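Structure first, then comments.
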Amino acid sequence: MARPSLKGGLFALGVGMSVRQEIAELVYAAAKAAQSAGEIPPAVLPEPSVERPARPEHGDYASSLPLRLSRAARANPIAIAEAISKRMPRHAALGEVSVAPPGFVNIRLADAWLADQVNAIIAAGADYASSDLGRGRRVQIEFVSANPTGPLHVGNGRWASIGDSLARVLAAAGYGVEREYLVNDAGTQALIFADTVLARYRQLFGHEAEIPANGYPGEYVIDLAREIKDEHGDRFLDATETPAELKRISIEKMIARIRADMTAIGVNYDVWFYESSLYEESDTYKVAMDRLRQKGAVVEKEGAVWLASSALGEDKDNVLIRSNGAPTYFASDVAYHYDKLIKRGFDQVIDIWGADHQGHVSRVKTAVQALGVEDGRLEIIIGQLVSLRRGDELGRFSKRAGNLVTLREIVDDIGADACRFFFLQRSADAQMEFDVDLAKQQSSENPVYYVQYAHARIAGILTQAAERGISFEQADLNLLRHEAELTLVRKMLLLPELVESIAENHEPHHLPHYALDLATTFHDFYEKCRVLNDEEPALRAARLRLAAAAKVVLARSLQLMGMTAPERM
RNA sequence: GUCCCUGUAGCUCAGUGGAAAGAGCGGCCGCCUUCUAAGCGGCGGGUCGGGGGUUCGAAUCCCUCCAGGGACGCCA
């Protein structure tokens, strides 16, 4: 990345940089200048970076560069810090720059500059916190992809919330994003499911039929069979084997339900990719397997075809093609990733899988590597599973056990917004406990409402201002000098940094925490600073603009989480 | 047995190299003649699983042990 340069002592503004980046570059430039002037001994400088001090007294940003440099430069960190602080380039955003032991440079943003950001935020509107970090690179995010053999359960809601928010953030950061759902319609489970549907279908006609040993005992299969009976009559009744058409119809109906469940929590996929298309509508599967053979990554033994993964650093080989000639799920996944990374050529592919697929990660990565895909283009996020708590009962509710809690059930009870917020709040790495009873309560202490309420409160103020004909197109923002006002601006300026970091580390769970923090700051401002104060019209206008900006940032935060921003509550 | 994730306040969890560890919930005490009390303020609460190491500095990195979850199929 090209660094901004010093021009006549005035620092050139970096285009599209976050405040944080700019400050880091300023400190770096100051250190360079101090070195050139011989005030700091020559030593290789660490990459530009600044920290966010935990305590407000330490300023808005802090650099520990002097501490990092002191050993290599053989100099006192305080002396280095002082040299840097004296050499800091001028910049409108810079306020007080101070030195603190054991060797920090603490930087405060200038009040006037801060207040001025209110205009910038309002001007950016719904695009606030957008950037061109991704420069249009194409990223595909595949998530949920639950087998179309049953309804989505609560855990699937977690991957949906994480995947969709990540997609929203990446889009904000300038990536070309596609959301994809892989429909597993080609494997053994799909067959068993279709067999189960056929058995239920026969039973509806009074025929003797048992669902397969490994079949799907859930009630929903009976409903499905009834629908098929109503729509297609008895045309599948005499089949000796489960007809392909019945399987297709059954899976299509399940997918329709899954799609509806996803829509209910605000998730819309760009592509529903059918596993069967790798075999039927294209030769992708064949091409991918041939490619592995060409690369010498395949061995044949015991009548089956294996990926020679043990030669590639894995603990064992894995079967690609069974001895009966049928491809395994693994082979499908290899072909699927060939399709994504080579055929469709996404710059980056992110898969979100549940922890029960964790053992699958390294072999897929190994296979993708064997296909010749560059390292780092495939990222697999493993999300730990969701435990459900009901009263004192704690456990995993599975499709088989029949005590399944469906995603739809929770969404209907507590609402899509609350679901998404709760699912998003925990990092994917952490096992999550979902208290069904608590979530179902519409508790007033619910953090979801706390955030949305802040937005609604602002909307109320702006509505009143409009009703009273108060205009605030123009305002002297320098009147914003109250600590609560400037703290609010500071908090709003954090969102672009957050979007940037989530786009890089793919950890959207910081979003709800930020939103909560922002809402707290707004509520504090609301308590301390009356907006519609008729005795001071100039201050009133400035605060109205500040409130309008806060509304923009709250709405954007909610939008990135896939939640609604209510105008009143 | 091997591999992956986790262990932070009573509970659910943030914080992954910086300055005195945070939030929400729960508990206790206060605040509505003023823009929405789904709000605000205050109090109490921690051997950051144990031990060792690296570092100017460790909840954060390394080693080891303990505990919980997950995975080790010609299922997906």
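Just so it is clear: chains get the letters A, B, ... in the order the sequence lines come, proteins before strands, and each one is counted from 1. For clarity, every value in this text was computed on a predicted model and none was experimentally measured.
With salt bridges taken as basic N to acidic carboxylate O contacts below 4.0 Å, one links A/Lys340 and A/Glu142.
For the C1' atoms, the distance linking B/C40 with B/C35 amounts to 15 Å, nearest Å. When the P atom is compared between B/A19 and B/C48, the two are found 15 Å apart, to the nearest whole Å. Annotation: B/A9 and B/G1 have their P atoms spaced 29 Å apart (nearest Å). The P atoms of B/C72 and B/C65 are separated by 24 Å, rounded to the nearest whole Å.
For B/A76, its base never sits under 3.5 Å from the side chain of A/Asn214 at any donor and acceptor pair. In terms of polar N and O atoms assigned as donor or acceptor, the side chain of A/Thr188 never comes within less than 3.5 Å of the base of B/C75 in a complementary pairing.
Here B/U34 presents its P atom at 10 Å from OH of A/Tyr526, a figure rounded to the nearest Å. Between the C1' atom of B/A38 and the CG atom of A/Leu516 lies a distance of 13 Å, rounded to the nearest Å. One can place CG of A/Asn446 at 15 Å from C1' of B/G26, the figure rounded to the nearest angstrom. Going from atom CG of A/Asn324 over to atom P of B/C74 covers 12 Å, rounded to whole Å. Rounded to whole Å, atom P of B/U16 lies 13 Å from atom CD1 of A/Ile502. The separation between A/His509 atom NE2 and B/G22 atom C1' is 14 Å, rounded to whole Å. Atom CG of A/Leu498 and atom P of B/A14 are 15 Å apart (whole Å).
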Each nucleotide N or O in nucleotides 7-13 of chain B that has a protein N or O under 3.5 Å away: list the pair and distance.
from	atom 1	to	atom 2	distance (Å)
B/U12	O2'	A/Arg426	NH1	2.9
B/C13	OP1	A/Gln431	O	3.0
B/C13	OP1	A/Glu433	N	2.8
B/C13	O2'	A/Arg426	NE	3.3
B/C13	O2'	A/Arg426	NH2	3.0

Under 3.5 Å, which protein N or O atoms sit close to an N or O of nucleotides 40-44 of chain B? Give each pair with its distance.
from	atom 1	to	atom 2	distance (Å)
B/C40	OP1	A/Tyr450	OH	2.4

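Not one side-chain nitrogen or oxygen of A/Thr328 sits closer than 4.0 Å to the OP1 or OP2 atom of B/C74. Close to B/C72, at under 4.0 Å from its OP1 or OP2, lies no side-chain N or O of A/His360.
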